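Shown next, in structure tokens, is the structure this report addresses.
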Amino acid sequence: METGRTLPDRNLALELVRVTEAAALAAGRWMGRGDKEAVDRAAVEAMRLVLNTIRMDGIVVIGEGEKDQAPMLYNGERLGTGDPPEVDIAVDPVEGTTLLAQGQPNALSVVALAERGTMFFPGPIVYMDKIAVGPEAKGAIDIEAPVAVNLRNVARARGKDINDLTVVMLDRDRHKKLIEEVRRVGARIRLLPHGDVAGGLMTAMESTGIDILLGIGGSPEAVLTACALKCVGGEIQAKLWPRNEEERRKALDMGYDLNKIYTTDDLCAGQNIFFSATGITDGELLKGVRYFGGGARTETLVMRSKSGTVRRIEAVHRWDKLMQFSLIPFD
């Protein structure tokens, strides 16, 4: 009998688990050693090596390293075996390089894939102003509305009082006024030293206690956050935020609309998105890498938008097995 359904297709998200695990295992060796370049180099080399084993024709749209002059998975780099499917790739081999180098919480390794031509490229604009929520508050936010209105609407959508809400944002001087507005309304605040992909993801994970992300963070991170939230039914809105007149002029010359509100679908229009994040240091979202005498343990969050499936994968990696064939010096 014809049902109109198709057989399950290949879930690239499960292949991405190996990518973020490899980057986390390699970079985790540098936790607390104060060397950001070594952190990035280890993660990038491991991530590139494993991405190139995946049967896909991938192009990096959201790359790593330009902002900090670090080792790069550069924009436009082709990865994978060159076989179909054709995909856009967004990477952050270490989200929170400084966190990891200083031995602080919430460092992650992150990668996302979507259909070719569906990821937004922010060009010269390094930062975006953002508001993001999980699925319960989808449709309740407006980036151009006052903070009080957004918090009231999110509280209503989540069945809470405003003073029950927890807002997450980066701990930056540019957020001084925003912090004052949130405090005036009565919501609680969780300030992150780095890592607004983690902050955006926290809004969709009930166990973290985070209800909404506000404030200015990285433009590449906005695209990664959109990929993740689209997998779980959350929402992000963002506006380009030039740091200076030179950046503003360059964006206008390239045709960017600085008044445009970028929705989740604007940031990633794909309908078959794959996302993986592995913890490197412990955080609200994921446990960090745990090394033991003969190997290590990792925890990974892996998601796919088409099915809506969210998995947490705890893995044990044995050096005596892994190092027989791996080109990555995990041990």
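Not measured: the values here are computed from a predicted model. Quick note: numbers below take in every heavy atom, side chains included, and nothing from hydrogens, waters or symmetry partners.
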Side chain to side chain contact (heavy atoms under 4.5 Å, CB included) assessment of Met303 paired with Leu16 = CA-CA 10 Å; Met303 307 184 285; Leu16 294 184; over 6 Å; no

Would Val289 and Ile313 show up in the same hydrophobic cluster when neighbours are defined by side-chain heavy atoms closer than 4.5 Å?
-> no

Main-chain N/O of Ile125 paired with Ser219 side-chain donor or acceptor, under 3.5 Å = yes

Within a strict 4.5 Å, meaning less than it, do heavy atoms of the Val110 and Val91 side chains meet?
-> no

Sidechain N-carboxylate O distance under 4.0 Å for Glu299, Arg290 | no

Would you indicate whether the side-chain heavy atoms of Thr208 and Met205 approach each other to under 4.5 Å?
-> yes

Could you go step by step and tell me if Arg190 and Glu284 meet the salt bridge (Lys or Arg N to Asp or Glu O under 4.0 Å) rule?
-> CA-CA 11 Å; Arg190 170 78 163 87; Glu284 292 93 335; 2.3 Å; yes

Return the minimal non-hydrogen interatomic distance between Arg78 and Asp57, and the atom names on each side.
-> NH2-OD1, 2.8 Å

Side chain Asp266, main chain Thr263, donor-acceptor under 3.5 Å = yes

Rounded to the nearest 0.5 Å, how far does CD of Gln237 lie from CG of Leu267?
-> 10.0 Å

Approximate separation, where rounding is to 0.5 Å, of Thr97 OG1 and Gln102 CD = 11.0 Å

Report yes if the side chains of Arg297 and Lys287 come closer than 4.5 Å at any heavy-atom pair, otherwise no.
-> no

Lys160, NZ: over 12 other non-hydrogen atoms inside 6.0 angstrom = yes

Give a yes or no on this: more than 12 heavy atoms of other residues, nucleotides or ligands lie within 6.0 Å of atom CE of Met169.
-> yes

For Lys130 against Ala222, the heavy-atom pair lying closest together = NZ-N, 3.6 Å

Report yes or no: do Ile54 and Ile59 belong to one cluster of Ile/Leu/Val/Met/Phe/Trp/Tyr joined by side chain heavy-atom distances under 4.5 Å?
-> no

Minimal non-hydrogen separation, Ile216 against His175, with atom names | N-NE2, 2.7 Å

Determine whether Ile189 and Ile210 fall in the same hydrophobic cluster, where Ile, Leu, Val, Met, Phe, Trp and Tyr are linked whenever their side-chain heavy atoms lie under 4.5 Å apart.
-> no

Is a side-chain donor or acceptor of Asn150 paired with a backbone partner of Asp142 at a separation under 3.5 angstrom?
-> yes

Show the numbers, then the answer: is there a salt bridge (Lys or Arg N to Asp or Glu O under 4.0 Å) between Glu180 and Arg183?
-> CA-CA 5 Å; Glu180 291 174 353; Arg183 287 173 174 167; over 6 Å; no

Heavy-atom pair with the smallest gap, counting every atom of Ile89 and Gly58 = CD1-CA, 3.7 Å

Is the side chain of Asn52 donor-acceptor paired with the backbone N or O of Gly80 at a distance under 3.5 Å, no angle test?
-> yes

Polar side-chain atom of Ser305 near backbone of Cys231 as donor-acceptor pair, under 3.5 Å | no

Assess whether atom CD of Glu246 is packed by more than 12 heavy atoms of other residues, nucleotides or ligands within 6.0 Å.
-> no

Would you say the side-chain atoms of Tyr262 pair up with the backbone N or O of Ile236, donor to acceptor, closer than 3.5 Å?
-> no

Atom NZ of Lys260 with >12 non-hydrogen neighbours under 6.0 angstrom = yes

Quick one: does Arg55's side chain get under 4.5 Å of Pro85's, heavy atoms only?
-> no

Compare all side-chain heavy atoms of Val133 with those of Val154 and state whether any distance is below 4.5 angstrom.
-> yes

Heavy-atom side-chain proximity of Glu95 to Ser109 below 4.5 angstrom | no

Relative to each other, are the rings of Tyr291 and Trp319 parallel, tilted or perpendicular (30° and 60° limits)?
-> tilted

Just one of Val147, Leu151, Leu178, Asp211 clears the side chain to side chain contact (heavy atoms under 4.5 Å, CB included) bar with Val167, so which one?
-> Leu151

Distance-only donor-acceptor hits, side chain of residues 268-277, under 3.5 Å, sequence neighbours excluded:
{"unit_1": "Gln271", "atom_1": "NE2", "unit_2": "Ala269", "atom_2": "O", "d": "3.2"}
{"unit_1": "Asn272", "atom_1": "OD1", "unit_2": "Arg304", "atom_2": "NE", "d": "3.0"}
{"unit_1": "Asn272", "atom_1": "OD1", "unit_2": "Arg304", "atom_2": "NH2", "d": "3.3"}
{"unit_1": "Ser276", "atom_1": "OG", "unit_2": "Thr20", "atom_2": "OG1", "d": "2.8"}

Short question: side chain of Ser326, backbone of Leu322 - any donor-acceptor pair under 3.5 Å?
-> no

Stepwise, does the side chain to side chain contact (heavy atoms under 4.5 Å, CB included) test hold for Leu79 with Leu73?
-> CA-CA 9 Å; Leu79 296 169; Leu73 277 159; 4.0 Å; yes

So CG of Leu286 and CG of Leu301: to nearest 0.5 Å the spacing works out to 5.5 Å

Please tell me if the side chains of Ile280 and Leu108 come closer than 4.5 Å, counting only heavy atoms from C-beta onward.
-> no

Any chance you could lay out the side chain to side chain contact (heavy atoms under 4.5 Å, CB included) test for Asp196 and Val168, step after step, and finish with the verdict?
-> CA-CA 9 Å; Asp196 54 336; Val168 68; over 6 Å; no

From CZ (Arg248) to CZ (Arg243), nearest 0.5 Å = 15.5 Å

Pairwise distance CZ(Arg41) to CH2(Trp30) - rounded to 0.5 angstrom | 7.5 Å

Without swapping roles, check the side chain of Arg29 against the backbone of Ala42 for a donor-acceptor pair under 3.5 Å.
-> no

pair Ile328-Glu45: side-chain heavy atoms closer than 4.5 Å = no

To the nearest 0.5 Å, what is the distance between CE (Met202) and OG1 (Thr166)?
-> 11.5 Å

Short question: side chain of Asp35, backbone of Ala38 - any donor-acceptor pair under 3.5 Å?
-> yes

For the pair Lys239 and Glu144, find out whether any cationic side-chain nitrogen is under 4.0 Å from an anionic carboxylate oxygen.
-> yes

Between Glu235 and Lys230, is a salt bridge (Lys or Arg N to Asp or Glu O under 4.0 Å) present by the stated rule, with each step listed?
-> CA-CA 7 Å; Glu235 180 182 7; Lys230 200 160 183 179; over 6 Å; no

Looking only at heavy atoms, the pair that brings Val316 and Phe292 closest together is CG1-CZ, 3.9 Å

Any pair with a residue in residues 79-88 that passes side chain to side chain donor-acceptor pair (under 3.5 Å), sequence neighbours left out, goes on the list, sorted by first then second residue, please.
-> Thr81-Asp83

Do Leu25 and Leu99 belong together in a cluster built from hydrophobic side chains that touch within less than 4.5 Å?
-> no

Would you say the side-chain atoms of Asn163 pair up with the backbone N or O of Ala187, donor to acceptor, closer than 3.5 Å?
-> no

Would you kindly confirm whether Leu285 and Leu229 end up in one hydrophobic cluster when ILVMFWY residues are joined by side chain heavy atoms under 4.5 Å apart?
-> yes

For atom CZ of Arg33, decide whether the heavy atoms of other residues, nucleotides or ligands shown that lie under 6.0 angstrom number more than 12.
-> yes

So which heavy atom on Ala140 is nearest to which on Asn153, and how close?
-> O-CB, 3.2 Å

Would you kindly check if the NZ (Lys) or CZ (Arg) of Arg174 is within the cone defined by 45 degrees around the ring axis of Tyr127 and under 6.0 Å from the six-membered ring centre?
-> yes

